[in-house]
> 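What follows is a single structure, and I will ask about it in a moment.
In what follows, chains are A, B, ... by sequence order, proteins preceding strands, each numbered from 1. Values in this document were obtained by computation on a predicted structure and should not be read as measured data.
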Protein chains: 2
Amino acid sequence: MLHHSILETLPRELQKDALESIQVMRLPPGKILFRAGEHCHGLPLMLSGGVKVQMTGISGNSIVLYRMGADDICTLSIGCLMTGYGYRAEAIVEDESEAAMIPRGLFDRLMDQSAAFRLGIMESYGRRLDDLMLLVEEVAFRRMDERLEEWLNLRRSPIHITHQELAVELGTAREVVSRLLKELERKGRVRLSRGRIDLIE
Amino acid sequence: MLHHSILETLPRELQKDALESIQVMRLPPGKILFRAGEHCHGLPLMLSGGVKVQMTGISGNSIVLYRMGADDICTLSIGCLMTGYGYRAEAIVEDESEAAMIPRGLFDRLMDQSAAFRLGIMESYGRRLDDLMLLVEEVAFRRMDERLEEWLNLRRSPIHITHQELAVELGTAREVVSRLLKELERKGRVRLSRGRIDLIE
DNA sequence: GTGCCAGTGTGACTTTATCACTGAACTGAG
DNA sequence: CTCAGTTCAGTGATAAAGTCACACTGGCAC
């Protein structure tokens, strides 16, 4: 079902209009929502599921910048939509998701006619900037073993992920993750197996 | 003089209105435009000069996130303005600057009534997200010696800066900067003196 | 001058990144 | 099932970067 809180805020008539011209996309896990360099043809509103946004540097290394979940707005798309530049990052569907595509014309109309819609967009932008600022600090100054433990503790055991994927989450090298995990296993905090991490206690 | 391209785009009548309720601030070097935790009472438009935005992590380390110059918009303020949260970063005036303060009410009105104003705001947001994404990649993956040289080569010799300040620019430790600079001096690329770096050639 | 202090230099050590390689675990074809 | 190919994980060696501790020094205030 098409349900997103930013659409709820619209006046009844505008909402009706909107619901007609919006198409809902079903996104299976692994699907690429957009790639680096691609152009943007609409603003995706996340209805359900989960999508990660990551970027690959010139060095070839990648890092996950943030995630989008139900009721999020793909803020990154707005910039591409307005300036016509291509995406700098890529978005990969993690959990079975649904997203509503708002075409450029409708976006302009909603921005023009609804203060609540504008507020939603601005808030979303603000949160995203905040996320990225925190990430910069994290990457620049925090210790990798702390960040790894924190990341693990935010999940529910067992965690299905390869060391390489975990390295991309943290923006480091696979070997570093392997060594730190091995250290945690020695301390009895985790149990390791291929593509899987079990948290202990 | 109050001149900012986003104001130029306004329809004549709105522009007249705007110019009346906007107050211009003179900002001497060293002045703090806003501090972390402070609340925001308007959107600053940069008319001239230069301001750096930096953030201090829990660790106490700081890093420069980006700079604002003439004709820029302090995008970071919009989020604070709309959500009411405090700033996460601080803004420090570097060169003698002027900024126009757009109060909340006027901002809302401009967003409501001018598509060009909205476009300007969105573009500014997009650029800022882009900047931060590039910074994340830079901090996570690039070598410090390269980043240092690049930073130096973007300035005009002599550069008046302490090693500590340069460390904040790059998000690293003072000792690292000192050692890398010493290495550059040994290679004959720079000449070092207290609070000053001369580029050679 | 003398004392003070921000700024700088450097050794010792830890943490993280990179490179190179090994072996183990899974997959699919036959 | 067996074998070959591929992905994933472990690890040593080495280099780069971060941390801690402390010595030195240039310039300003008195």
Side-chain angles (χ1 to χ4, degrees), chain A residues 30 56-64 135-152 158-199, chain B residues 30 56-64 92 135-152 158-198:
Chain A
T56 302
I58 319 159
S59 56
N61 300 38
S62 302
I63 183 171
V64 172
L135 182 60
V136 168
E137 199 248 321
E138 174 139 339
V139 168
F141 302 124
R142 294 196 51 210
R143 290 179 50 116
M144 198 51 79
D145 50 359
E146 281 175 20
R147 292 178 56 209
L148 174 60
E149 285 213 63
E150 204 166 288
W151 194 96
L152 292 174
I159 304 168
H160 292 276
I161 192 170
T162 67
H163 297 186
Q164 177 57 51
E165 287 164 345
L166 196 33
V168 170
E169 292 290 330
L170 299 171
T172 182
R174 200 260 316 157
E175 299 92 314
V176 173
V177 170
S178 286
R179 275 190 255 261
L180 291 175
L181 281 174
K182 211 64 196 161
E183 183 59 26
L184 283 180
E185 192 178 43
R186 271 191 284 275
K187 288 187 195 159
R189 316 282 310 271
V190 300
R191 193 168 15 255
L192 301 177
S193 45
R194 191 187 172 89
R196 166 174 176 164
I197 302 169
D198 291 88
L199 306 182
Chain B
T56 301
I58 320 158
S59 56
N61 300 40
S62 302
I63 182 169
V64 172
I92 301 169
L135 182 60
V136 167
E137 199 249 323
E138 175 138 339
V139 168
F141 301 124
R142 295 195 50 210
R143 290 178 49 120
M144 197 52 79
D145 51 358
E146 281 176 20
R147 292 178 56 209
L148 173 59
E149 286 213 62
E150 204 166 287
W151 194 96
L152 292 173
I159 304 169
H160 292 276
I161 193 170
T162 67
H163 296 185
Q164 177 57 52
E165 287 164 344
L166 196 33
V168 170
E169 292 289 331
L170 299 171
T172 182
R174 199 263 314 159
E175 299 92 315
V176 174
V177 170
S178 287
R179 274 190 255 263
L180 290 175
L181 281 175
K182 211 64 196 160
E183 183 59 27
L184 283 180
E185 192 177 45
R186 271 191 283 277
K187 288 186 195 160
R189 316 281 309 271
V190 301
R191 193 165 18 253
L192 301 177
S193 46
R194 195 186 170 87
R196 167 174 176 165
I197 303 169
D198 292 87

> Show the distances under 3.5 angstrom between N or O atoms of the protein and N or O atoms of nucleotides 9-13 of chain C.
from	atom 1	to	atom 2	distance (Å)
C:dG9	OP1	B:Lys182	NZ	3.0
C:dG9	N7	B:Arg174	NH1	3.0
C:dG9	O6	B:Arg174	NH2	2.9
C:dG11	N7	B:Arg179	NH1	3.2
C:dG11	O6	B:Arg179	NH2	3.1
C:dA12	N6	B:Arg179	NH2	3.2

> For the helix from C:dG1-D:dC30 to C:dG30-D:dC1, figure out the bend between the end axes, five pairs an end, and round to 10 degrees.
30°
> With a 4.5 Å heavy-atom cut-off, do B:Leu166 and B:Leu148 have their side chains touching?
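The answer is yes, as the side chains (C-beta and beyond) meet within the 4.5 Å cut-off.
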> Atom CE of A:Met144 and atom CD of A:Glu138: how far apart are they, to the nearest 0.5 Å?
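Answer for the CE-CD pair, A:Met144 versus A:Glu138, is 8.5 Å.
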> Go through residues 142-151 of chain A and report each residue with a non-hydrogen atom lying under 4.0 Å from DNA chain D, sorted by number.
none
> Quick one: side-chain hydrogen bond (donor to acceptor under 3.5 Å, both in side chains) partners of A:Arg189, sequence neighbours excluded?
A:Glu149
> Do A:Ile63 and A:Leu170 come close enough that some side-chain heavy atom pair is under 4.5 Å?
no
> First and last nucleotide of DNA chain D in contact with chain A, 5' to 3', at under 4.0 Å to a heavy atom: what are they?
D:dT7 to D:dA13
> For a side-chain contact (heavy atoms from CB on, under 4.5 Å) check, start with the C-alpha distance between A:Asn61 and A:Thr56, then their side-chain angles and the critical distance, and finish with the verdict.
CA-CA 6 Å; A:Asn61 300 38; A:Thr56 302; over 6 Å; no
> Taking all atoms of both residues into account, what is the closest heavy-atom pair of A:Asp198 and A:Ser193, and its distance?
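Smallest interatomic distance, heavy atoms only, reads OD1-OG, 4.4 Å.
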> What are the two closest non-hydrogen atoms of A:Ser59 and B:Phe141, and how far apart are they?
OG-CB, 3.8 Å
> Run the salt bridge (Lys or Arg N to Asp or Glu O under 4.0 Å) test on B:Arg147 and B:Asp145 for me, step by step, so that the C-alpha distance in whole Å, both residues' side-chain angles and the decisive distance to 0.1 Å come before the verdict.
CA-CA 5 Å; B:Arg147 292 178 56 209; B:Asp145 51 358; over 6 Å; no
> Taking all atoms of both residues into account, what is the closest heavy-atom pair of A:Leu181 and A:Val190, and its distance?
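A:Leu181 and A:Val190 have their closest heavy atoms at O-CG2, 3.9 Å.
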> Which pairs, with at least one residue in residues 158-174 of chain B and sequence neighbours excluded, count as a salt bridge (Lys or Arg N to Asp or Glu O under 4.0 Å)?
B:Arg67-B:Glu169
> Just how far, in rounded Å, is P of C:dG7 from CG of B:Leu166?
13 Å
> Does A:Arg191 form a salt bridge (Lys or Arg N to Asp or Glu O under 4.0 Å) with A:Glu185? I'd like the steps, not just the answer.
CA-CA 6 Å; A:Arg191 193 168 15 255; A:Glu185 192 178 43; over 6 Å; no
> Are the charged groups of B:Glu150 and B:Arg142 less than 4.0 angstrom apart, N to O?
yes
